[in-house]
Number of protein chains: 2
Amino acid sequence: MNGAEALLRTLADGGVEVLFTNPGTTELHLVGALDSVPRLRGVLALFEGVVTGAADGYARIAGKPAATLLHLGPGFAYGLTNLHNSRRANSPVVSIVGDHPTYHNVFDSPLTSDIAALGGWLRGPVRRTENAAGAGTDAAATLADAVAPAGQIATMIMPADVSWADGGVVGTPVAPRPTPAVTEEVIAQVAQVIRGGEATALVIGGPALREAGLYAASRIAAATGVRVFQELYSNRVEHGAGLPTFPRLGFYPEQVLEQLAGVRQVIVAGAKVPVAFFAYPDQPSCLVPEGAEAHVLAEVGQDAVAALVQLADLVATGAAPDVAEPRRPALPSGPLTLQNWVDVIAALLPERAIVIDETVSSGTALAAATAGAPRHDVLMQTGGAMGDGLPLAVGAAVAAPDRPVVALEADGCSMYTVTALWTQAREQLNITTVILDNHAYAILRQEWAHFSRRPSAGGPDANPLFGLADPAVDFVRLAESFGVPATRATTAEEFAEQFSAALAEPGPHLIQAVIPPAA
Amino acid sequence: MNGAEALLRTLADGGVEVLFTNPGTTELHLVGALDSVPRLRGVLALFEGVVTGAADGYARIAGKPAATLLHLGPGFAYGLTNLHNSRRANSPVVSIVGDHPTYHNVFDSPLTSDIAALGGWLRGPVRRTENAAGAGTDAAATLADAVAPAGQIATMIMPADVSWADGGVVGTPVAPRPTPAVTEEVIAQVAQVIRGGEATALVIGGPALREAGLYAASRIAAATGVRVFQELYSNRVEHGAGLPTFPRLGFYPEQVLEQLAGVRQVIVAGAKVPVAFFAYPDQPSCLVPEGAEAHVLAEVGQDAVAALVQLADLVATGAAPDVAEPRRPALPSGPLTLQNWVDVIAALLPERAIVIDETVSSGTALAAATAGAPRHDVLMQTGGAMGDGLPLAVGAAVAAPDRPVVALEADGCSMYTVTALWTQAREQLNITTVILDNHAYAILRQEWAHFSRRPSAGGPDANPLFGLADPAVDFVRLAESFGVPATRATTAEEFAEQFSAALAEPGPHLIQAVIPPAA
């Protein structure tokens, strides 16, 4: 057995089922070894940003570690941005990066670079395997790191000569570290804060945004008057009929300060203490209101759900959660607008859907509209880097082939990783992509207007560098070029008809929803 | 004047004319300041890999520094791979990366990352500007670093609060460092090596691959019998009628060892000592033949051209260069093949063309076919990372709007940065893109076959992860979706007709040349 096969067998033994990849020469023996490990499915993408975003989506939905295989430093670099998003989602990802044989790097041939520096940028551990006998052990350790309580990007650099050398030994699986529990003392302290009766906000995030956490938070709110908020960007949110729903913290500092106005105590569980996404002149970065105290019930990586349930048992005995009734809006009519497109989604969303939300400025009305729709999971871009949506859809659909995936995608965002559509067609994934097409980086226009209210901004309100209308991308042709059937909607009626039709057919579809920007 | 304007004015004063960008919120004041500095043209791309590849192409053709503006670490990361290619091309690039205000980074908001680590990965200097008063000085120093004798990627991190703060001061231009000359002693030593009369190879690269260097190398060859070779991948090669032409070093170690068989002395000028692009079992990494001596006439960044001219004056007095006669092949007929498509290019290539060669396995016959075509420049991918071709074409066309750009692009390579077509349409650049479509990562199939001759390879000859036929990309629709008129050719006649028509019309065009892989 060569080192490559030992690596792959170790990952498969550890529960890895899919290897997302865009390989090159230095990875060929790993590609070859895939034939010997049929438990591990190789999924090809045409660009590394798709590989890594798909791994992220897979991990979030499968609840299992994802693995990627990339080509030396330059291939890793192309995939780095969505690994950043993935890191912010705390998704467990084993990132295998092929390299030249170690003896070759000293010659500085064109593809040579400091791969470990890129792994370090992701703030995860980096291993370089030295020989085939150690490949399995290193793979097992890398996998254990990836599935640490707060999932992370664990990088394993695999020199080509380690891959091709005989003497590979499969590694013994390393037992995953248990998620650390929050101490009873901390829970009691937070209960004491709530019992103090001051105006209190509870910000929940990460795993607390699924059923058990939502229920517990809602019980606490019902019994104590604590106001619960959802963090701004989450890796996976359960949403819809039968579940409690909470307002999301705003994007702008002043929105959050208004949401938290009068609050004297801020508690976080599975989320960070609220900070501004971007900084603006004369606005604070830390969004805990002045004079308020902040308390951490559960840090990211601690068992936030159990802590919330225990807290609810202390302060909300007998209280019932407040859940959304099943309720769908009527199908709207007339031209598509920023307000009515979400009603089409909410009216027609199928059971058990996975919704990818990379809507940026077009999606502000989405959560409210879908609160009574059939229960679904929402995956968001977590690291702020555009281009995660289409790949997330790929990974989610690979993880859950029996669930419909609905990818709601801003036009600007879709352009970073558009070849994800090719992988959707190749794998015949059940994904309905909706491109929210306003021919602009509307978020930048909005940000510019936001700055321009301040004295030092200057410049024009509409800058040509924010416009995507010249030329307007023909998303129908674009999707068709990658083998994805596509249509265009400009009215709510067209959109509803096309959305229903797309969901009724297996395989991927795309709808270009042309929505003029708000006046 | 705010810091942003001071930065841009300093770059413009230093000769920077184009800012390639995909900006975000932290760059808005730089975008706004562009209005105040009309000498600096903003060129928008939809993905950072296009931004950076375009900057590379611009720098190579304009002979001037290029500038890029990217959005924090994640935007920089998307652009990193083509900056790697650019670094290997020694292109001078000022890479401006916007960042949160320095006071904001401590809060670790989602887009926060260690930007300097990414700049360091490119092995270039990294500056973080501290205040508006220093922005101009830092910009001037960054520009001076970029245009160092061996051009490099110089990164300047620009916090948003430095951009928006008043008190900006334009920096004084820093005089570029002169290209170091090779000492007469070294030239005399190399002359002595040649006079020794042993079998000698001279490998030339970088600036030595333009007229003056080619002439000098050819004179040396004519007078002394030294065999001259062109390095494998070059940033810019002058080629065609009236110029000497030399064989390129091969991609595989055994090819190079055969090219250099019997050679006792290897001299390099503007190129590195030949090393294997990839390492293979039982093949050497260093490709200087065993027992041969290596000599550096001019390191990368030294004045290789002057050194070659001086060397020629020592060892080749009176010798004339051997130049290619004007000669075009006849237009071929019948189905397109790996052999005949290059004859179409060679028969029809216009005067003063810029040819982008990202043909990978499809382009091996190109250089020989075009040796007698009208003189042209050839830009290649230099760092081994796929996806540089379409962006290089963008940058070359921006740099030389009066010259026809012909981008020869392998299908697999085109997928990494395909939205470059949108920028081509937006800027109405005179680019004819030819997609060499064999529905495969043919290079990986070739590499696999290469490994499989060796004992430890294993696995199948044709792996599904190397195939791009399922689904086959419809490059015509793809180009049209981005506003680029496109056609498809399967015969040499069709290809010739479409290539002529595309060249005759202004603006971008694309031809999908369907070329079955060799049996």
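Here is the naming used below: chain letters follow the sequence lines, and residue numbers restart at 1 for every chain.
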In Å, rounded to the nearest 0.5 Å, how long is the span from CG of L465(B) to CG of D35(A)?
8.5 Å

As an exercise: rank D108(B), L44(B), V275(B), V476(B) by heavy-atom pairs under 4.5 Å with chain A and give me the winner.
D108(B)

Less than 4.5 Å to any heavy atom of chain B: does that hold for the side chain of A45(A), its backbone, both, or neither?
backbone

Per-residue tally against chain B (heavy atom, under 4.5 Å) across A117(A), P471(A), A77(A), G384(A) peaks at P471(A)

Using modelled atom types only, decide if a donor and an acceptor are shared between the side chain of Y78(B) and the backbone of M386(A) within a distance under 3.5 Å.
yes

Are the side chain of R88(B) and the backbone of S109(A) linked by a donor-acceptor contact shorter than 3.5 Å?
yes

Structural part of A160(A) lying under 4.5 Å from a heavy atom of chain B:
neither

Between the main-chain N or O of P74(A) and the side-chain N or O of T81(B), is there a donor-acceptor pair closer than 3.5 Å?
yes

Steps toward side-chain contact (heavy atoms from CB on, under 4.5 Å) verdict (S285(B), Y103(A))
CA-CA 8 Å; S285(B) 289; Y103(A) 63 77; 3.6 Å; yes

Evaluate the side-chain proximity of F482(A) to D474(B): yes if any heavy-atom separation is below 4.5 Å, no if none is.
no

Contact part of T21(A) toward chain B, heavy-atom cut-off under 4.5 Å: side chain, backbone, both or neither?
side chain

Does any heavy atom of chain B fall under 4.5 Å from the side chain of L34(A), the backbone, both, or neither of them?
side chain

Exercise: identify the closest heavy-atom pair between T112(A) and R87(B)
O-NH2, 3.5 Å

Tell me, do V31(A) and W448(B) make a side-chain contact under 4.5 Å, heavy atoms counted?
no

Between G483(B), A385(B), G383(B), which shows the greatest number of heavy-atom pairs under 4.5 Å with chain A?
G383(B)

Honestly, the part of V473(A) sitting under 4.5 Å from a heavy atom of chain B is both

Toward chain B, the part of D161(A) with a non-hydrogen atom under 4.5 Å:
neither

dist L46(B):CG -> C413(A):SG (nearest 0.5 Å) comes out at 11.5 Å

Flag the pair E48(A) / Y416(B) as yes when at least one side-chain heavy-atom distance between them is below 4.5 Å, and no otherwise.
yes

Closest non-hydrogen contact found for F278(A) with H104(B) is C-NE2, 4.1 Å

Top contributor to chain A contacts, counting heavy-atom pairs under 4.5 Å, from T26(B), N22(B), L72(B):
N22(B)

Measure up the F451(A) and W164(B) rings against each other and bin them: parallel (under 30°), tilted (30 to 60°), perpendicular (over 60°).
tilted

Under a 4.5 Å heavy-atom cutoff, which of A425(A), A472(A), S113(A) has the most pairs with chain B?
S113(A)

Using non-hydrogen atoms and a 4.5 Å limit, figure out which bit of A276(A) sits close to chain B: side chain, backbone, both or neither.
both

Which one wins on heavy-atom pair count under 4.5 Å against chain A: V418(B), L122(B), D114(B)?
D114(B)

For chain B, which candidate among L478(A), V43(A), L111(A) shows the most heavy-atom pairs at distances under 4.5 Å?
L111(A)

Among W121(A), Y441(A), F475(A), who wins on heavy-atom pairs under 4.5 Å with chain B?
W121(A)

With a 4.5 Å cut-off on side-chain heavy atoms, are F466(A) and L28(B) touching?
yes

Chain B contact via S163(A) - side chain, backbone, both or neither, heavy atoms under 4.5 Å:
neither

I'd like to verify something: which residue of L444(B), I115(B), L80(B) has the highest number of heavy-atom pairs under 4.5 Å with chain A?
L444(B)

Looking only at T382(A), L118(A), L83(A), V50(A), the option with the highest number of non-hydrogen pairs under 4.5 Å against chain B is L118(A)

Check for a donor-acceptor pair, side chain of H84(B) on one end and backbone N or O of P110(A) on the other, with a separation under 3.5 Å.
yes

Structural part of T419(A) lying under 4.5 Å from a heavy atom of chain B
side chain

Does any backbone or side-chain atom of R426(A) lie under 4.5 Å from a heavy atom of chain B? Answer side chain, backbone, both or neither.
both

Top contributor to chain A contacts, counting heavy-atom pairs under 4.5 Å, from W422(B), F47(B), F76(B):
W422(B)

Among C286(A), G49(A), G412(A), P101(A), which residue has the highest count of heavy-atom pairs closer than 4.5 Å to chain B?
C286(A)

